[in-house]
Amino acid sequence: MSAPAQRGFFRDNSLSLVFGGLLGAALVGQAWWGVVGYNEAARTEGLQEVSWLRYVTSSDFAVDVAENWQSEFLQFVLYIGLTVWLVQRGSSESKEPGDEGRESDEQQMLGKFVRPDSPSWARAGGWRTRIYSHSLVVVMLLVFLGSWSAQAIAGRVAHNEQRMRDLLDPIGLGSYLVSPDFWGRTLQNWQSEMLAIGTMVVFAIYLRERGSPESKEVGAPHVVTQSSD
Amino acid sequence: MWRRERTWSSAASVLAVGLPVALVLGGCGGAIERQDAAATADVFVADVTADPAAACALLAPRTRESVEQDGTPCVQALPEADIPAPGARGTVSVAGHSAQVRYARETVFLSLFDDGWRVTAAGCTRGSSDQAVPYDCTVEGD
């Protein structure tokens, strides 16, 4: 690949690359502080400390990661799905009031309105276009369900590890799914995600960030719902 | 909003692979771990009276300190600790670095150290049906 092409790739994908880097850095930091905390607790109880590698492959680390992942993807599933049918007047995160629903083929560039460069499954019609029409929510939903399941499985192991340290019986998966530990981890993340997305919807009516596609233009009136194209 | 969704989607599809791997490696209490924990507990409960020195060597450091807290050496204190005869072994549970081995008349708790499983509490019986109340143990760490 030539040098100009490389510059073009990084420039064209800078948002994804930066978020990928930030995600990696945050995971490393979480693992670092996590093993420090785990080993502090182990010393307090006179138990074996663990290596960084052992910690990042432990259920303690897995449940802490999964409980945040599931809530993020639930947030997007709800937001993508609900914004089809619900609106917020004046918010750049919303469609115009009156545009609720799946929209016409013309608006969605489907059927006779497809373009030559439309995705192949959008041009295909039939079941492939129906699936592709919901692929974003479906994938987000699958990642949410996978992450939530991972939280349940890893959370039970981590919870039982601590229970046996405390001279208590371990509990089965069914009991764990109705335990305060599982729902405490779940709901503390859900409430923060709902707060964040709800705040974004409302703040975007009145506040601006010049140049950001997440914001209306600085001079756009508060009553204007979508950014101008 | 769509740009952010696409960013997260691509990142997650890559990293979603890592979580199941971590779960598998994280140790959900594999058969080998259960066998090792049970073997240590079996040796311990058999050696409490037959070979106290060997049983003491299987105690976790904090538990051994507790046994010797009044100045009596472990080899003398452990056989006098009123640990009941265990009876037949029952359920073995392992989660992470913790294990529980149930016998007919007592329960043993263990923790994983660099040199293997070590007993953190023994002679344990349930004093309450409340699952939030710990076992009563004749030998345990402070």
Side-chain angles (χ1 to χ4, degrees), chain A residues 13 15-20 23-24 27 42 45-50 53-54 56-63 65-66 69 72-73 76 79-80 83 92-94 136 139-140 142-143 146-147 150-151 153-154 156-171 175 200 213-214, chain B residues 1-16 18-29 60-66 91 93-100 102 107 109-116 118 120-121 124 126 130-137 140-142:
Chain A
N13 298 283
L15 190 58
S16 298
L17 292 170
V18 166
F19 269 106
L23 170 62
L27 277 172
E45 299 181 53
L47 301 175
Q48 180 71 54
E49 296 183 50
V50 299
L53 180 61
R54 189 85 188 227
V56 298
T57 56
S58 73
S59 295
D60 269 86
F61 183 64
V63 67
V65 172
W69 284 19
E72 300 296 339
F73 286 97
F76 281 119
Y79 197 67
I80 298 164
T83 51
S92 58
E93 299 294 321
S94 168
L136 185 58
V139 169
M140 291 284 184
L142 291 176
V143 178
S147 301
Q151 178 198 326
I153 295 167
R156 173 179 166 252
V157 175
H159 187 59
N160 279 341
E161 180 177 18
Q162 186 58 50
R163 281 184 65 85
M164 287 189 277
R165 283 185 179 187
D166 297 335
L167 308 183
L168 296 165
D169 282 325
I171 60 175
S175 296
M200 181 67 190
E214 303 301 320
Chain B
M1 204 65 199
W2 66 272
R3 292 176 181 83
R4 189 188 306 165
E5 288 150 8
R6 197 168 60 179
T7 302
W8 283 109
S9 180
S10 59
S13 60
V14 174
L15 289 163
L19 199 58
V21 172
L23 282 173
V24 171
L25 295 176
C28 300
R62 190 67 62 84
T63 307
R64 181 164 180 151
E65 288 173 12
S66 177
T91 309
S93 304
V94 171
H97 284 197
S98 299
Q100 180 200 55
R102 289 182 176 179
T107 295
F109 289 90
L110 305 100
S111 186
L112 186 60
F113 287 74
D114 282 345
D115 51 356
R118 292 292 177 264
T120 54
C124 303
R126 288 217 62 87
D130 186 346
Q131 287 294 308
V133 175
Y135 278 72
D136 295 324
C137 301
E140 64 179 286
D142 290 328

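Because the structure is a prediction, the values reported are computed rather than measured. The chains referred to below are lettered A, B, ... by the order of the sequence lines, with proteins before strands, and numbering in each begins at 1.
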Name the region of [X], side chain, backbone, both or neither, that has any atom closer than 4.5 Å to a heavy atom of chain A.
X	answer
B/Leu110	neither
B/Glu140	side chain
B/Ser93	both

**Request:** Sort out for me which of A/Gln162, A/Arg163, A/Glu49 touches chain B most, counting heavy-atom pairs under 4.5 Å.
**Result:**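 Max contact count across the listed options: A/Arg163.
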**Item:** Partner chain B: residue of A/Gly46, A/Ser175, A/Ala42 with the largest heavy-atom pair count (under 4.5 Å)
**Value:**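 Winner by heavy-atom pair count: A/Gly46.
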**Asked** Shortest non-hydrogen contact from B/Thr120 to B/Ala60?
**Response**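 That closest heavy-atom pairing would be CG2-CB, 3.9 Å.
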**Item:** Where A/Met200 and A/Glu214 come nearest, the two heavy atoms and their spacing
**Value:**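 Heavy-atom minimum between the residues: CE-O, 3.5 Å.
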**Message:** Does A/Leu167 form a side-chain contact (heavy atoms from CB on, under 4.5 Å) with B/Cys137? I'd like the steps, not just the answer.
**Reply:** CA-CA 9 Å; A/Leu167 308 183; B/Cys137 301; 3.8 Å; yes
**Request:** Answer whether the closest heavy-atom distance between the side chains of B/His97 and A/Arg54 falls below 4.5 Å.
**Result:**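 They are in contact (side-chain heavy atoms under 4.5 Å apart), so the answer is yes.
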**Item:** Between B/Ala99, B/Cys124, B/Ala121, the one whose heavy-atom pairs under 4.5 Å with chain A are most numerous
**Value:**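 Option with the greatest count: B/Ala99.
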**Request:** Tell me, with the steps shown, if A/Leu47 and A/Arg165 meet side-chain contact (heavy atoms from CB on, under 4.5 Å).
**Result:** CA-CA 9 Å; A/Leu47 301 175; A/Arg165 283 185 179 187; 3.5 Å; yes
**Item:** Contacting moiety of A/Asp166, where chain B heavy atoms sit under 4.5 Å
**Value:**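 The backbone, not the side chain.
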**Message:** Check for me whether B/Arg118 meets the cation-pi criterion with B/Phe113, that is, NZ or CZ under 6.0 Å from the six-membered ring centre and within 45 degrees of the ring axis.
**Reply:**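 Not satisfied by the 6.0 Å and 45° rule.
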